[in-house]
Amino acid sequence: MIELFDVTKRFGNDTAVDGISLRIEKGELCALVGTSGCGKSTTLRMINRLIEHDGGEIHLDGQPVRNFDEVTLRRRIGYVIQSTGLFPHWTVARNIGLVPRLLKWPKGRVRERVEELMQLLGLPVAEFADKYPRQLSGGQAQRVGVARALAADPDILLMDEPFGALDPITRETLQHEMRELQARLHKTIVFVTHDMDEALALADRLVVMHQGRVVQQGRPIELLHDP
Ligand code: ADP
Ligand code: ADP
């Protein structure tokens, strides 16, 4: 469970996140939605402490995230961004194995895990393991990004505009796969999007942000009937 209590973040004189409180249940697929610049990415990045919050409290399973060390956070929380953030000079297999290697898993176990994830995400090992990111399509690269985020079996997956740069058909396929992952692996997923339709179609619950604040939250059906 992820909880934010009156969380704020300022960059210089700009308030990016202005006192938001929310609660994301275990196993939930939650969308953070709102127009560009409203504070969605900042909120996401404060949860895994890529950015430190400067007011309020963020808890993971009742513990302040400030108390978690870096290694524990990377193991428990997978993070996917739009451009995928793959290292261009590393092969697909090496990219996917990043976190397990940082965690010093034995080589054989890393290899097994990499192959398992490639299968799970529909990337045949023989065809893709030794390719480089530039040899992949947008959808394939995004899959590698998701595989990498899942590598150490985190219970939480944070995804920042994971479908933004994809063509409509690939987007739909990956959206479907995200739901499958959630259903099959029981992950808690928080994804950021500026696309209200996408959020309504995919999420169990939406958190709508505007100018650093939460202005609405609820299940799609509740929001659709909100006058
Ligand atoms: P969103 O994800 O909703 O597009 P962001 O969280 O990226 O919004 O940004 C919220 C606000 O914080 C914006 O005004 C943005 O310019 C500002 N901001 C975000 N990151 C930084 C940063 N590293 N330094 C300065 N300002 C930032
Ligand atoms: P090294 O760590 O010795 O530089 P490589 O660059 O060959 O090894 O591989 C990097 C990582 O990717 C390793 O963790 C390895 O287990 C994994 N890996 C490499 N090739 C494959 C493959 N064909 N299938 C699965 N995993 C692979």
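The figures here come from the full heavy-atom set of this structure, side chains too, leaving out hydrogens, waters and symmetry mates.
- If you chain together hydrophobic residues whose side chains sit under 4.5 Å apart, L98 and L86 never meet in one group.
- Put simply, the side chain of R134 never gets that close to the backbone of P88: no donor and acceptor are under 3.5 Å apart.
- Nearest heavy-atom pair, Q182 versus G27, reported as atom, atom and distance to 0.1 Å: NE2-O, 2.7 Å.
- Closest approach of P124 and M118 over heavy atoms only: O-CE, 4.1 Å.
- Using modelled atom types, one finds a donor on one side chain and an acceptor on the other under 3.5 Å when comparing R45 with Y79.
- In this structure, CG in L200 is found 5.0 Å from CE in M196, a value given to the nearest 0.5 Å.
- Formation of a donor-acceptor pair under 3.5 Å by the R113 side chain with backbone atoms of A151 is found in this model.
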* Under the side chain to side chain contact (heavy atoms under 4.5 Å, CB included) criterion, do L32 and F191 qualify, and how do the steps go? -> CA-CA 6 Å; L32 276 186; F191 76 101; over 6 Å; no

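- No side-chain heavy atom of I2 sits less than 4.5 Å from a side-chain heavy atom of V65.
- At a threshold of 4.5 Å between non-hydrogen side-chain atoms, the residues L181 and K187 do not count as touching.
- Within the 3.5 Å criterion, the main-chain N or O of F87 finds a donor-acceptor partner in the side chain of N95.
- Nearest approach of L202 to M178, heavy atoms of both residues: CD1-CE, 3.9 Å.
- Remark: the backbone N or O of G34 is paired with a side-chain donor or acceptor of K40 at under 3.5 angstrom.
- A heavy-atom distance below 4.5 Å is not found between the side chains of V207 and I20.
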* Determine, stepwise, if the pair E198 / R171 fulfils side chain to side chain contact (heavy atoms under 4.5 Å, CB included). => CA-CA 10 Å; E198 178 174 280; R171 183 183 311 150; 3.8 Å; yes

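- Linking Ile, Leu, Val, Met, Phe, Trp and Tyr whenever their side-chain heavy atoms come within less than 4.5 Å leaves I156 and L102 in two separate clusters.
- The same ILVMFWY cluster, assembled from side-chain heavy atoms under 4.5 Å apart, contains both V99 and L185.
- To the nearest 0.5 Å, atoms CG (L29) and CG (D204) are separated by 5.0 Å.
- For R148 and W90, the positive end is not near the middle of the six-membered ring at less than 6.0 Å and at most 45° from its axis.
- Remark: D14 does not engage K9 in a salt bridge, criterion side-chain N to carboxylate O under 4.0 Å.
- In this structure, L4 CG and I47 CD1 are separated by 5.5 Å, a value rounded to the nearest 0.5 Å.
- Proximity of a side-chain donor or acceptor of E161 to a complementary backbone N or O of H194 within less than 3.5 Å is detected.
- Applying the salt bridge (charged side-chain N to carboxylate O under 4.0 Å, His left out) rule to K131 yields no partners; only residues at least two apart in sequence or on another chain are considered.
- We find that D130 and R94 are not joined by a salt bridge, their nearest charged nitrogen and carboxylate oxygen being 4.0 Å or further apart.
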* Asked: Does the side chain to side chain contact (heavy atoms under 4.5 Å, CB included) test come out yes or no for V33 and D195, once each step is laid out?
  -> CA-CA 7 Å; V33 61; D195 183 344; over 6 Å; no

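- Under the 4.5 Å side-chain heavy-atom criterion for ILVMFWY residues, a single connected hydrophobic cluster contains both L120 and I189.
- Atom CD of E28 sits about 11.5 Å away from atom CE of M1, to the nearest 0.5 Å.
- Looking at heavy atoms from C-beta onward, H53 lies in side-chain contact with R66 at the 4.5 angstrom threshold.
- Note: F11 CZ to I51 CD1 = 4.0 Å, rounded to the nearest 0.5 Å.
- In this structure, a donor-acceptor pair under 3.5 Å is absent between the side chains of R143 and Q140.
- Going from atom OG1 of T43 over to atom CG of L158 covers 11.0 Å, rounded to the nearest 0.5 Å.
- A side-chain donor-acceptor contact under 3.5 Å links S21 to the backbone of D6.
- Under the 3.5 Å distance criterion, the side-chain polar atoms of T193 are left unmatched by any main-chain donor or acceptor of A199.
- Applying the side-chain contact (heavy atoms from CB on, under 4.5 Å) test between Q142 and each of I81, V80, T170 identifies V80 as the sole match.
- For A203 against C30, the heavy-atom pair with the smallest separation is CB-C, 4.4 Å.
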* Begin from the C-alpha positions of D61 and R76 and carry the test salt bridge (Lys or Arg N to Asp or Glu O under 4.0 Å) through to its verdict. => CA-CA 11 Å; D61 296 337; R76 290 207 46 195; 2.9 Å; yes

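- In terms of hydrophobic clustering, with Ile, Leu, Val, Met, Phe, Trp and Tyr side chains grouped at heavy-atom distances under 4.5 Å, F5 and L44 are assigned to different clusters.
- Listed by chain and residue number, nothing satisfies the salt bridge (charged side-chain N to carboxylate O under 4.0 Å, His left out) test with R109 (two or more places apart in sequence, or in another chain).
- Formation of a donor-acceptor pair under 3.5 Å by the R74 side chain with backbone atoms of N48 is found in this model.
- Counting non-hydrogen atoms of neighbouring residues, nucleotides and ligands closer than 6.0 angstrom, the CD atom of E172 reaches no more than 12 such neighbours.
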